[in-house]
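Take a look at the structure set out below.
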Amino acid sequence: MTIDPSTKDIDDIDWNSEDDQEIEDTTGGRTATSNEEASSSSTPCSKLIQNFVGMGFPRELVAKAIEQNGEDSELILETLLTYSVLENSLSENPCAISPQHKPCLNSDESSSGYNENFLDDLSDTYSWSEDDEENADTLSDKERRLLDLTNMGYPMEEASLAMDRCGPEATVAELIDFISAAQVAKSDSLYWQEDDIKPKLKNPSNANDRHKRRKLYNYELQRKKRQTGVFDEDNQPLRLPKPMVGFGVPTETSPTFQGRTISSEATGPPYFYYENVALAPKGVWETITRHLFDVEPEFVDSLYFSASARKRGYIHNLPIENRFPLLPLPPRTIHEALPLTRRWWPAWDYRTKLNCIQSAVGSAKLTERIRNALEVSVGEPPLAVQNYVLEECRRWNLVWVGLNKVAPLEPDEVEMLLGFPKSHTRGISRTDRYKALGNSFQVDTVAYHLSVLKELYPRGINVLSLFSGIGGAEVALHRLGIHLKNVVSVEKSEVSRTVMRSWWEQSNQTGNLVEYGDIEGLERDEIKRVMASVGGFDLVIGGSPCNNLSGSNRVSRDGLEGKESSLFFEYVRVLNVVKGIL
DNA sequence: ACAAAGATGAGGCGCTTA
DNA sequence: TAAGCGCCTCATCTTTGT
């Protein structure tokens with residue numbers, strides 16, 4: 001362990017001036033809500049069904065809603081209203097029924113393609129009486145106002161959020177004002193527009209096929225449900241959201257969510273941020289969540305920030321409002337990120353995004369094998385050859401660098417795709433560079449989540465960085481323009497520590513860097529001592545080893561109890577020590 | 001010794017089809 | 001519903017070459 005009291009000049013980083021590209025995520029929606037009365041859901045309550053059927057909802061929908069929500073009448077109602085809103089927004093022009101506030105900001109242009117796709121085919125699937133008000137006297141006051149708003153054409157999620165934010169006494173007019181304000185802040189791009197690599201749902205040719213439409217309808221509902229990142233309290237398997245955008249990404253329309261509630265036990269400071277692979281074996285994320293104060297994981301695929309995919313789960317107690325991305329926004333297609341490949345890219349290789357960057361790369365021999373396979377034919381190769389080449393390209397993330405020549409990404413290119421400065425890992429062996437980079441954060445993704453700290457700590461922060469690797473967290477904070485007062489870094493690999501220290505010096509840091517090698521040897525007294533010396537920690541950040549969780553591991557994918565991945569519990573231990581001392 | 005190449009599937013999910 | 005298919009995955013270990 002060493003302390004480096006650097007006394008360099010103020011660095012000349014181009015602080016991205018304020019929140020230029022700030023995207024706000026105040027759109028309505030709902031997070032997981034506990035259904036207190038769901039315990040006896042095995043007996044479908046016919047009275048309950050009658051009640052909702054009496055309101056004008058189709059019986060089959062009511063049954064389905066009960067199936068989904070148990071017997072919590074409020075949840076059932078919300079689900080049914082969601083069906084209703086979906087129905088209304090599809091069967092007619094949503095804006096046409098909107099009041100002066102124009103609630104559907106992004107439906108004018110962008111949703112048209114969406115509708116054309118398949119949703120308009122759902123329009124006449126179900127019908128129920130339009131005048132729900134007739135039955136409104138059986139509803140609570142809250143439910144009635146919710147109905148009012150949805151009948152005006154406001155999305156259910158936004159109406160619900162507005163009611164929660166504005167309190168029980170708010171008038172409908174006030175609620176409308178809130179919703180409108182939220183919508184103004186909303187991005188107008190739609191996530192299904194651009195980057196849906198392979199749209200799985202085709203336009204059903206027979207629009208009258210009721211059964212097919214039902215399937216699509218259910219699919220859409222499930223999608224909406226997954227978007228909220230529902231985490232069932234009964235230890236139900238945790239489902240990954242699709243699209244995997246967590247609480248929102250800058251480049252896509254945010255999923256609807258309703259803020260979130262974090263237990264007092266989990267509330268910062270200190271803020272904590274934990275990361276690992278999204279596609280871990282079953283039960284792993286449930287366990288991780290349980291040990292991190294039951295905070296719901298945020299699953300994000302970095303392909304929304306980069307030209308390469310990276311599906312990761314993040315658990316943190318940071319605010320999720322007023323995030324902003326690093327600028328400039330990085331290229332998000334292969335052609336933009338690697339323009340020189342365009343010239344050689346064959347039309348039959350329709351990849352626009354790279355797969356996840358891993359720690360091993362394809363060999364030069366493979367490049368030769370592929371070249372040989374391609375050179376036997378002039379012009380477009382036979383389908384079998386295409387398939388072989390594409391398979392290898394996908395498996396090894398190869399790009400076209402010459403005629404009939406594919407190659408793995410260069411370390412510099414990997415650095416760029418992951419958001420690191422060019423040559424960040426220069427000076428270590430090529431193999432080590434690939435390995436260290438493959439184990440690292442995607443900087444833009446993490447920075448987006450951490451961006452909320454800039455406002456909270458305008459004078460800089462103290463960071464405890466566990467499993468630092470090559471310093472993804474530090475680079476992210478630095479690029480955000482957050483001054484690093486003290487960084488206490490714990491990293492086992494000497495090679496990675498070298499990269500980190502080298503970056504620290506080259507980026508003219510004015511704070512202190514304290515390095516440890518072994519997290520297991522970092523005991524309570526030492527933590528206490530170092531905290532006293534730096535003045536406590538504002539952020540505890542780290543991604544614990546994924547070795548035993550990653551699907552790529554064919555030898556020892558042993559889950560959280562695996563040799564390396566069990567170090568997750570060291571993260572928990574150290575975090576709790578820090579919380580205890582603070 | 002060091003670096004590159006090759007061999008080594010399971011598991012999970014989305015989606016389609018029977 | 002269930003079975004089947006396509007796709008992807010922060011990797012490890014041994015062998016070979018320099």
Side-chain angles (χ1 to χ4, degrees), chain A residues 118 196-202 204 211-212 215-216 218-220 222-223 226 237-244 274-285 299-303 306 308-314 350-351 353-369 387 390-397 407-409 411 414 417-420 425 428-443 445-446 467-470 472 493 495-496 542-559 562-565 567-568:
Chain A
F118 59 94
D196 211 355
I197 299 176
K198 286 169 285 181
K200 297 289 192 226
L201 284 169
K202 291 171 292 192
H211 183 69
K212 190 165 233 168
K215 265 173 78 176
L216 292 169
N218 289 338
Y219 171 81
E220 176 63 12
Q222 282 185 13
R223 188 184 65 77
R226 281 196 295 268
L238 197 155
R239 306 202 64 166
L240 299 173
K242 188 174 176 258
M244 198 184 283
Y274 175 81
E275 177 259 13
N276 216 318
V277 290
L279 286 80
K282 275 185 175 173
V284 165
W285 274 106
F299 292 104
V300 182
D301 190 337
S302 292
L303 71 81
S306 162
S308 62
R310 204 167 187 80
K311 296 175 182 63
R312 296 294 181 266
Y314 306 88
Y350 48 87
R351 290 176 298 159
K353 298 274 192 179
L354 292 165
N355 282 337
C356 182
I357 288 165
Q358 304 189 136
S359 52
V361 294
S363 66
K365 299 279 187 188
L366 178 57
T367 295
E368 271 317 296
R369 286 198 293 273
N387 288 334
L390 273 178
E391 198 176 313
E392 297 290 352
C393 284
R394 287 206 181 94
R395 167 66 187 86
W396 292 104
N397 253 346
L409 297 165
V414 177
L417 289 166
L418 292 176
F420 286 93
T425 57
I428 62 179
S429 83
R430 193 179 171 88
T431 313
D432 284 344
R433 290 182 77 177
Y434 283 125
K435 186 169 181 183
L437 286 163
N439 285 314
S440 179
F441 285 164
Q442 208 290 328
V443 170
T445 310
V446 172
F467 314 105
S468 305
I470 55 175
S493 158
V495 170
S496 292
S544 65
C546 69
N547 303 26
N548 311 118
L549 309 180
S550 164
S552 300
N553 191 338
R554 310 180 183 195
V555 181
S556 53
R557 196 183 187 188
D558 303 327
K563 191 166 175 290
E564 285 82 20
S565 293
L567 289 174
F568 159 72

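In what follows, chains are A, B, ... by sequence order, proteins preceding strands, each numbered from 1.
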Evaluate the side chain to side chain contact (heavy atoms under 4.5 Å, CB included) criterion for residues A:C356 and A:Q442: first the C-alpha distance (whole Å), next the side-chain angles of each, then the deciding distance (0.1 Å), finally the verdict.
-> CA-CA 11 Å; A:C356 182; A:Q442 208 290 328; over 6 Å; no
Between [N] and [X], is there an OP1 or OP2 to side-chain N/O distance shorter than 4.0 Å?
X      : N      : value
A:S550 : C:dC10 : yes
A:Q358 : C:dT9  : no
A:R394 : C:dC8  : yes
A:N547 : C:dT12 : yes
A:K242 : B:dC15 : yes
A:S552 : C:dT9  : no
A:S363 : B:dA4  : no

Rounded off to whole Å, could you give me the [atom1]-to-[atom2] distance for the [X] and [N] pair?
X      : N      : atom1 : atom2 : result
A:L279 : B:dG9  : CG    : C1'   : 16 Å
A:N553 : B:dA10 : CG    : C1'   : 11 Å
A:R351 : C:dC7  : CZ    : P     : 13 Å
A:R554 : C:dT14 : CZ    : P     : 15 Å
A:L240 : B:dG11 : CG    : C1'   : 13 Å
A:E368 : B:dA5  : CD    : P     : 11 Å
A:R557 : B:dT8  : CZ    : C1'   : 15 Å
A:L354 : C:dC7  : CG    : P     : 17 Å

Determine the contact category for [X]: base if any of its heavy atoms lies under 4.0 Å from a base atom, sugar-phosphate if only primed atoms, P, OP1 or OP2 are that close, otherwise nothing.
X      : result
A:K282 : sugar-phosphate
A:C546 : base
A:N439 : base
A:T367 : nothing
A:R430 : sugar-phosphate

For the side chain of [X], starting at C-beta, report the closest nucleotide among [options].
X      : options                : answer
A:N276 : C:dA11, C:dT9, C:dC10  : C:dC10
A:S359 : C:dA11, B:dG6, C:dT9   : C:dA11
A:K365 : C:dA11, B:dA5, C:dT12  : B:dA5
A:R395 : B:dT8, B:dG14, B:dA5   : B:dT8
A:R312 : C:dC10, C:dT12, B:dG14 : C:dC10

Find out whether A:S363 and A:W396 are in side-chain contact, i.e. whether some heavy atom of one side chain is under 4.5 Å from a heavy atom of the other.
-> no
Answer whether the closest heavy-atom distance between the side chains of A:L354 and A:L417 falls below 4.5 Å.
-> yes
Spacing of the [atom1] atoms in [M] and [N] (rounded, Å):
N      : M     : atom1 : result
C:dC10 : B:dA7 : P     : 23 Å
C:dG6  : B:dG9 : C1'   : 16 Å
C:dT9  : B:dT8 : C1'   : 15 Å

Closer to the 5' end of DNA chain B via nearest nucleotide, is it A:S429 or A:L366?
-> A:S429
Starting from the 5' end of DNA chain B, give me the residue, A:D432 or A:W396, whose nearest nucleotide shows up first.
-> A:D432
Identity of whatever pairs with B:dG9 - Watson-Crick or G-U, under 3.5 angstrom = none
Mate of C:dC10 across any strand shown (Watson-Crick or G-U wobble, both atom pairs under 3.5 Å) is none
What's the verdict on side chain to side chain contact (heavy atoms under 4.5 Å, CB included) for A:K563 and A:N547, showing C-alpha distance, side-chain angles and the deciding distance?
-> CA-CA 8 Å; A:K563 191 166 175 290; A:N547 303 26; over 6 Å; no
Decide if the gap between the ring center of A:Y314 and the ring center of A:F299 is smaller than 6.0 angstrom.
-> no
Apply side chain to side chain donor-acceptor pair (under 3.5 Å) to A:R310 and A:S302, showing your working.
-> CA-CA 5 Å; A:R310 204 167 187 80; A:S302 292; 5.8 Å; no
Worked check of side chain to side chain contact (heavy atoms under 4.5 Å, CB included) between A:E392 and A:L366 | CA-CA 9 Å; A:E392 297 290 352; A:L366 178 57; 3.8 Å; yes
